[in-house]
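Notes follow the structure.
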Amino acid sequence: LPKRQAIKKPKFDLDLPIVFEDDWLIIVDKPGGIAVNGNRNKTIENALVGKFKRSKEPDALPTPIAVHRLDVPTKGLVMFAKTKKALVHINKAFQAGKVDKVYYAVVHGKLPESGKINAPIDGKKSITHFERLRISPSRAFGAFSLVKLKPVTGRTHRLRIHMNDLGHLIIGDKLYAKRKKTILG
């Protein structure tokens, strides 16, 4: 692990629910519309400045580091490492496929009860399992389906692409809606 210089991160004031915290990890409930990290001020990493308990471990990081990301519009739990050892261990678990990711989305239309989408993205293998949990009627769209999504492979926007490929756009997904009508678009 390369040495990180102690860079003073800018503070971003955001009411950020902390779901879990110990000396190694912090898990937060990320709101939609905010980046997890990156070259900008308004990020979840910057919102953690001054809001976490510094680890007492000898390999404590100066600020927590995200071990995975969610798309900017996506709301959900994000895990941050507070020590170098935790960062390495969690990254290895993600790489080895030992972490199960589960997403919930509301999509346009009546999705089949369950299925497997095996459709390459940018020429690379991409697999998503889905399970429809509920259907609600909609005058404008016929129906909405609440769906549980389990990605098997890690590809950018894979869930949004796979749902759109099936003809079931995720509500509010302006990027893949193109000219299609969506609730928030």
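Quick caveat, the model's predicted, so the values are computed rather than measured.
For the side chain to side chain contact (heavy atoms under 4.5 Å, CB included) with Lys82, the qualifying choice from Leu25, Ile26, Leu61 is Ile26, the only one to do so.
The 12-atom threshold is not exceeded at NZ of Lys110, counting heavy atoms of other residues, nucleotides or ligands nearer than 6.0 Å. Within a 6.0 Å radius of CD in Glu113, other residues, nucleotides and ligands contribute 12 heavy atoms or fewer. In Arg132, the CZ atom is crowded: over 12 heavy atoms of neighbouring residues, nucleotides or ligands sit closer than 6.0 Å.
If you take CG on Asp122 and CD1 on Ile161, they are separated by 6.5 Å, rounding to the nearest 0.5 Å. To the nearest 0.5 angstrom, His157 atom NE2 is 10.5 Å from Ile170 atom CD1. In this structure, the separation between CG on Asn37 and CZ on Arg40 is 8.5 Å, given to the nearest 0.5 Å. In this structure, NZ in Lys116 is found 11.0 Å from NE2 in His162, a value given to the nearest 0.5 Å. For the atom pair CG (Leu70) and NZ (Lys101), the distance works out to 7.5 Å, reported to the nearest 0.5 Å. Rounding to the nearest 0.5 Å gives a distance of 13.0 Å between CD of Glu57 and NZ of Lys84.
Hydrophobic clustering, with ILVMFWY side chains joined whenever heavy atoms are under 4.5 angstrom apart, groups Phe94 together with Ile27. The hydrophobic cluster containing Ile90 also contains Leu77, counting ILVMFWY residues as joined when their side-chain heavy atoms lie under 4.5 angstrom apart, directly or transitively. Criterion: ILVMFWY side-chain heavy atoms under 4.5 Å apart, direct or through other members. Under it, Val99 and Val19 are part of a common hydrophobic cluster. If you chain together hydrophobic residues whose side chains sit under 4.5 Å apart, Tyr104 and Val106 fall into the same group. Connection of Phe12 to Val78 is established within a shared hydrophobic cluster, with ILVMFWY side chains joined at heavy-atom distances below 4.5 Å, either directly or through further cluster members.
Of all the heavy atoms in Leu14 and Ala47, the pair that sits closest is CB-CB, 3.9 Å. Closest of all the heavy-atom pairs between Ile127 and Thr153 is N-OG1, 3.0 Å. Across every non-hydrogen atom of Phe80 and Ile44, the tightest pair is CZ-CG2, 3.5 Å. The minimum heavy-atom distance linking Ala60 with Ser55 is given by the pair CB-O, 3.6 Å. Nearest heavy-atom pair, Arg160 versus Pro73, reported as atom, atom and distance to 0.1 Å: NH1-CG, 4.1 Å. Arg155 and Lys125 make their closest contact through NE-O, 2.9 Å (heavy atoms, listed as atom of the first residue, atom of the second, distance).
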Give the intermediate values and the outcome of side-chain contact (heavy atoms from CB on, under 4.5 Å) for residues Glu21 and Val28.
CA-CA 9 Å; Glu21 183 174 12; Val28 301; over 6 Å; no
Step by step, work out the side-chain contact (heavy atoms from CB on, under 4.5 Å) result for Ile117 and Met163.
CA-CA 9 Å; Ile117 304 161; Met163 289 292 99; 3.5 Å; yes
Applying side-chain contact (heavy atoms from CB on, under 4.5 Å) to Thr63 and Leu48, what does each step give before you reach the verdict?
CA-CA 8 Å; Thr63 59; Leu48 282 172; over 6 Å; no
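Contact check on Asp23 versus Lys53 returns no salt bridge, with no Lys/Arg side-chain nitrogen under 4.0 Å from an Asp/Glu carboxylate oxygen.
For the pair Asn46 (side chain) and Asn41 (backbone), a donor-acceptor distance under 3.5 Å is present. With hydrogens and angles ignored, the 3.5 Å screen pairs no side-chain donor or acceptor of Lys85 with any backbone N or O of His89. A donor-acceptor pair is defined here as one N or O able to donate and one able to accept, closer than 3.5 Å; such a pair exists between the side chain of Asn91 and the backbone of Leu87.
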Taking only distance into account, with no hydrogens and no angle test, what donor-acceptor pairs under 3.5 Å do side-chain atoms of residues 139-152 form with protein atoms, sequence neighbours excluded?
{"unit_1": "Ser145", "atom_1": "OG", "unit_2": "Gly109", "atom_2": "O", "d": "2.7"}
{"unit_1": "Ser145", "atom_1": "OG", "unit_2": "Leu111", "atom_2": "N", "d": "3.0"}

